[in-house]
Amino acid sequence: MGSKPKYDRTFVEDHLSQYGYKLKSEYKTAGTPMLVECANGHIYQTRFQNFYHRKTRCKVCQGLGNYNTKEELIRKLKENNCEYVDHYRDPKIKRTIVKYICSCGGLGESRIDRFLLGERCTECYAERMRTSRKKGKLERMEKLISKSSKEEQ
Ligand SMILES: [Zn+2]
Ligand SMILES: [Zn+2]
């Protein structure tokens, strides 16, 4: 009983919350299993040392989980204005791949983790390349305008 736990519950909850995660069970030590809930509501078992040192995160969100349900993928795609077509698991990279009708109307195929980070179909990619230059110019102009209007006040 002599040794004090290295990280106490407050530290763990604090650290988890920085990533949008919540502790859902008792916490004993960094090496004992605990339940956490990710920002998207997936509850799974892990150890704090894995989360903290090895930076392991929710497997479903990373597209690594076997248990992405079809309903969940449909919902995720819908939230991002895309329409679910199909999905499969790529055994080589151990990730879930989704096929979808993109918000631009094009047909897309992406790793679910990349999709959730904003990757879209190749047409969107080409379009983004075209507009990023324009956008950069606009943003610089807007900054200048808001700066000068503040100076006037
Ligand atoms: Zn998750
Ligand atoms: Zn698109």
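Model, not experiment: these values are computed from the prediction. Counting starts at 1 for both ligands and their atoms, following the listed order.
- Note on the Zn ion (ligand 1): protein N/O/S atoms under 2.8 Å are Cys38 SG, His42 ND1, Cys58 SG, Cys61 SG.
- Residue Glu127 places its CD atom among more than 12 non-hydrogen atoms of other residues, nucleotides or ligands, all under 6.0 Å distant.
- Listed by chain and number, Cys102 SG, Cys104 SG, Cys121 SG, Cys124 SG are the protein N/O/S atoms closer than 2.8 Å to the Zn ion (ligand 2), with waters left out.
- In summary, Glu71 and Arg75 do not engage in a salt bridge, as defined by a charged side-chain N under 4.0 Å from a carboxylate O.
- Side-chain atoms of Lys76 and Asn40 include a donor-acceptor pair closer than 3.5 Å.
- In this structure, Arg57 satisfies the cation-pi test against Phe51, with its NZ or CZ atom closer than 6.0 Å to the six-membered ring centre and inside 45 degrees of the ring normal.
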Can I get a per-line list of side-chain donor-acceptor pairs under 3.5 Å for residues 19-26, giving both atom names and the distance, sequence neighbours left out?
| from | atom 1 | to | atom 2 | distance (Å) |
| --- | --- | --- | --- | --- |
| Tyr21 | OH | Cys58 | N | 3.0 |
| Lys24 | NZ | Glu37 | OE1 | 3.2 |
| Ser25 | OG | Leu35 | N | 2.8 |

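- Between Tyr7 and His53, the ring-plane angle classifies as tilted under the 30° and 60° cut-offs.
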Please tabulate, one pair per line, all N/O donor-acceptor pairs under 3.5 Å involving side-chain atoms of residues 102-118, not counting sequence neighbours.
| from | atom 1 | to | atom 2 | distance (Å) |
| --- | --- | --- | --- | --- |
| Glu109 | OE2 | Tyr88 | OH | 2.6 |
| Ser110 | OG | Tyr100 | OH | 2.8 |
| Ser110 | OG | Glu119 | OE2 | 3.1 |
| Arg111 | NE | Asp113 | OD1 | 3.2 |
| Arg111 | NH2 | Asp113 | OD2 | 2.7 |
| Asp113 | OD2 | Arg95 | NH1 | 3.0 |

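- Looking only at side-chain heavy atoms (C-beta outward), Phe48 and His15 come within less than 4.5 Å of each other.
- Nearest heavy-atom pair across Arg47 and Gly31 is NH1-O, 2.8 Å.
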